[in-house]
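Input: a single structure, listed below in structure tokens.
The sequence lines fix the lettering, A, B, ..., with proteins before strands; numbering per chain opens at 1.
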Number of protein chains: 2
Amino acid sequence: MHDSLRRFKADIFQALAHPTRIAILELLSPGELSAGALIEKLDMEQANVSQHLAVLRAKQLVSNRKVGNQVFYSIRDPILIDVLNLMRAYFHAHLKESLSMLDEMEKPLETVR
Amino acid sequence: MHDSLRRFKADIFQALAHPTRIAILELLSPGELSAGALIEKLDMEQANVSQHLAVLRAKQLVSNRKVGNQVFYSIRDPILIDVLNLMRAYFHAHLKESLSMLDEMEKPLETVR
DNA sequence: CAAGTATATTCGACTATTGTAATATTCATC
DNA sequence: GATGAATATTACAATAGTCGAATATACTTG
């Protein structure tokens, strides 16, 4: 397979590879929301959310329309929602091991020694 | 939703967010292969492939069994193959825009000025 | 047990991603 | 056109991911 295709896919996964961006997409999956609404629901810094939105925009995962002062974001292709749902299924299938994985991730420094 | 769940998902996407690792998973999707076979098919440095395999192992996306001298890798859960197939569908749906995106990615330095 | 083969790990340099703070832009209203 | 609200961008420090080179480990066979 062409390597640029793989780079393309990797790039999209990269865009998904952040908890905040996953949260944004999950918040958007029922329908569009303004940037302000996202910031409020996420309870995070305005600049930070805006940067994550910029990443999602750059990779074309969301589209946005401007209405007066506000910018409304929505998921560009419902396939992404399917992907997130599959990941949810994956998580449930591996719940047990996942939990111990999360444990290790919580306290990586102590367990080294 | 719990934030650690999102961190978990993000972590898995992170593991998928590299062309080489996608290539590995695509090579493994028909069935298991030895590390050596992967190295040969990828035509890459042994150490590099081994490092990417370590990432996939750490995130539990692959499992491995040792047979004598060799280590055979396989995809841990077929859901991952579904995810990759969905991404393929996504790619085809967005082929046109994707191509121009790839173009920009190819020559980012020249187009700045 | 010496030598060879298959795989993994460690190290250091390099590049990319992230968050915060500060600043800029855009639009609406007075 | 000045002011305020909503959003975006820039700059910088900190952290994380990547690669190649060298080294380590584990197993096999003579």
Separation of [X] atom [atom1] from [N] atom [atom2], in whole Å?
X: Leu56(B); N: dT18(D); atom1: CG; atom2: P; answer: 11 Å
X: Leu42(A); N: dT7(D); atom1: CG; atom2: P; answer: 13 Å
X: Glu45(A); N: dA22(C); atom1: CD; atom2: P; answer: 11 Å
X: His52(B); N: dC19(D); atom1: NE2; atom2: C1'; answer: 8 Å
X: Arg7(A); N: dT18(D); atom1: CZ; atom2: P; answer: 15 Å
X: Gln51(B); N: dT10(C); atom1: CD; atom2: C1'; answer: 9 Å
X: Ile22(A); N: dT18(C); atom1: CD1; atom2: P; answer: 12 Å
X: Arg57(B); N: dT7(C); atom1: CZ; atom2: P; answer: 12 Å

Notebook entry, point to check: Is a donor on one side and an acceptor on the other found under 3.5 Å between the side chain of Arg21(A) and the backbone of Ala10(B)?
Noted result: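 No: the side chain of Arg21(A) does not pair with the backbone of Ala10(B).
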
Next item on the list: Describe the nucleic acid contact of Tyr73(A) in one word from base, sugar-phosphate, nothing, applying a heavy-atom distance below 4.0 Å.
Entry: sugar-phosphate

Taking the side chain of [X] as heavy atoms from C-beta outward, which of [options] is closest to it?
X: His18(A); options: dA8(C), dA6(C), dT18(C); answer: dT18(C)
X: Leu53(A); options: dC19(D), dT20(C), dA8(D); answer: dA8(D)
X: Asn48(B); options: dT7(C), dT9(C), dG20(D); answer: dG20(D)
X: Ala47(B); options: dA8(D), dT18(D), dA22(D); answer: dA22(D)

Could you grab the distance from atom [atom1] of [X] to atom [atom2] of [Y], nearest 0.5 Å is fine?
X: Thr20(A); Y: Asn48(A); atom1: OG1; atom2: CG; result: 6.0 Å
X: Met87(B); Y: Leu16(B); atom1: CE; atom2: CG; result: 9.5 Å
X: Ser34(A); Y: Lys41(A); atom1: OG; atom2: NZ; result: 9.5 Å

So which protein N/O to nucleotides 26-30 of chain C N/O distances come out below 3.5 Å?
from: dT26(C); atom 1: O3'; to: Lys66(A); atom 2: NZ; distance (Å): 3.2
from: dC27(C); atom 1: O2; to: Asn69(A); atom 2: OD1; distance (Å): 3.4

Note to self: In terms of relative ring orientation, are His18(B) and His52(B) parallel, tilted or perpendicular, with 30° and 60° separating the classes?
What the structure shows: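 Ring orientation, 0 to 90° scale: tilted.
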
Check: Can you find an N or O donor on one side and an acceptor on the other, under 3.5 Å apart, linking the side chain of Gln46(B) with the base of dA6(C)?
Finding: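 Counting by modelled atom types and ignoring angles, no donor-acceptor contact under 3.5 Å is found here.
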
Notebook entry, point to check: Residues in side chain to side chain contact (heavy atoms under 4.5 Å, CB included) with Asp77(A), at least two apart?
Noted result: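 Applying side chain to side chain contact (heavy atoms under 4.5 Å, CB included) to Asp77(A) gives Ile79(A), Tyr90(B), Ala93(B), His94(B).
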
Next item on the list: For residues Val62(B) and Arg57(B), report the shortest heavy-atom separation together with the two atoms involved.
Entry: CG2-N, 3.9 Å

Check: Taking the nucleotide of DNA chain C with the closest heavy atom to each, which residue, Gln14(A) or Gly36(B), is nearer the 5' end?
Finding: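 Nearer the 5' end of the strand: Gly36(B).
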
Item checked: Residue mapping more 5' on DNA chain C - nearest nucleotide basis, Ala54(B) or Ala17(A) -> Ala54(B)

